[in-house]
Amino acid sequence: MTSTESQIAENYERVRQQVTAACRRAGRAESEVTLVAVTKYAEMEWVQALLQLGAKDFGESRPQQLAERVPLLPNGIRWHLIGPLQRNKVRATLPLVSLIHSVESVRLLDRIDRIAAELERRPRVLLEVNVSGEETKHGFSPRALEDAWERMLAFEYVRIEGLMTMAPFSDDPEEARPVFAELRELRDRLTSRSSGTALRELSMGMSNDFTVAIEEGATLVRIGSSLFEGVG
Ligand SMILES: *Cc1c(COP(=O)(O)O)cnc(C)c1O
């Protein structure tokens, strides 16, 4: 192993132990939580190292970088798009990804549904919610999402599987807890209004707050910098 590989192995093991411990505290099965390795700032060599360690879910924030990387890596990886998707990138992106976390408007959802119909695909998506209301953040306001919900249920091809949010950055992960709890409660309200469509996924938690997110019900945690600490 190179020093880069052993550093990544150490980081990956530490993060996985933290995931395990958080699941235990919350009385949840570890199989309920998927660790998405966010590789937007990672070099290909680092991505390869994670693959060797058994990582299967990788998140990229730019459709362009995602498209460049998919052909370079083995089939069987589940790719997650976690950043903004421009409408003109939908066609190229749909065939590459397992899950889009970052659908932030009805307009984009409509576009995805139309392209999915043409391509005869059933893409899985999450709706991004700006729970904290920060101006710099993307996503639906909780109110707007509740207002548009019936319209969203009418889309035929796209499968809305849950919600995603980012908490405001803070050194204290406890500050993120109310944001995560609110996303879960919003998910529960929307689920109760949608016969048959269970919103199973909650994508919440990043390097600095993922253990709190797991305690609040995250099913997908998106972790970048913790995996690459001390690397490069
Ligand atoms: C970069 C990014 C992450 C990972 O953040 P880290 O703090 O590096 O773990 C998670 N989610 C989104 C949407 C991101 O853009």
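The structure presented is a predicted model; accordingly, all values stated were derived computationally and were not measured. Order of appearance sets the numbers: ligands from 1, and atoms from 1 within every ligand.
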Under 3.5 Å, is there a donor on one side chain and an acceptor on the other for [X] and [Y]?
{"X": "E134", "Y": "S132", "value": "yes"}
{"X": "T39", "Y": "E60", "value": "yes"}
{"X": "N130", "Y": "H138", "value": "no"}
{"X": "N11", "Y": "Q7", "value": "yes"}

Self-check item: Reference residue L127; test side chain to side chain contact (heavy atoms under 4.5 Å, CB included); the match among E161, M152, H101, M164
Solution: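 In the set E161, M152, H101, M164, the residue that makes a side chain to side chain contact (heavy atoms under 4.5 Å, CB included) with L127 is M152.
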Below 3.5 Å only, please: the N or O atoms of ligand 1 paired with protein N or O atoms, distance on each line.
unit_1: ligand 1; atom_1: 8 (O); unit_2: S225; atom_2: N; d: 2.8
unit_1: ligand 1; atom_1: 8 (O); unit_2: S225; atom_2: OG; d: 3.0
unit_1: ligand 1; atom_1: 9 (O); unit_2: S207; atom_2: N; d: 3.0
unit_1: ligand 1; atom_1: 9 (O); unit_2: S207; atom_2: OG; d: 2.5
unit_1: ligand 1; atom_1: 9 (O); unit_2: G224; atom_2: N; d: 2.8
unit_1: ligand 1; atom_1: 11 (N); unit_2: R222; atom_2: NE; d: 2.8
unit_1: ligand 1; atom_1: 15 (O); unit_2: K40; atom_2: NZ; d: 2.7

Quiz item: Going through the distances and angles, do R187 and E201 end up as a salt bridge (Lys or Arg N to Asp or Glu O under 4.0 Å)?
Solution: CA-CA 9 Å; R187 187 272 310 267; E201 309 291 353; over 6 Å; no
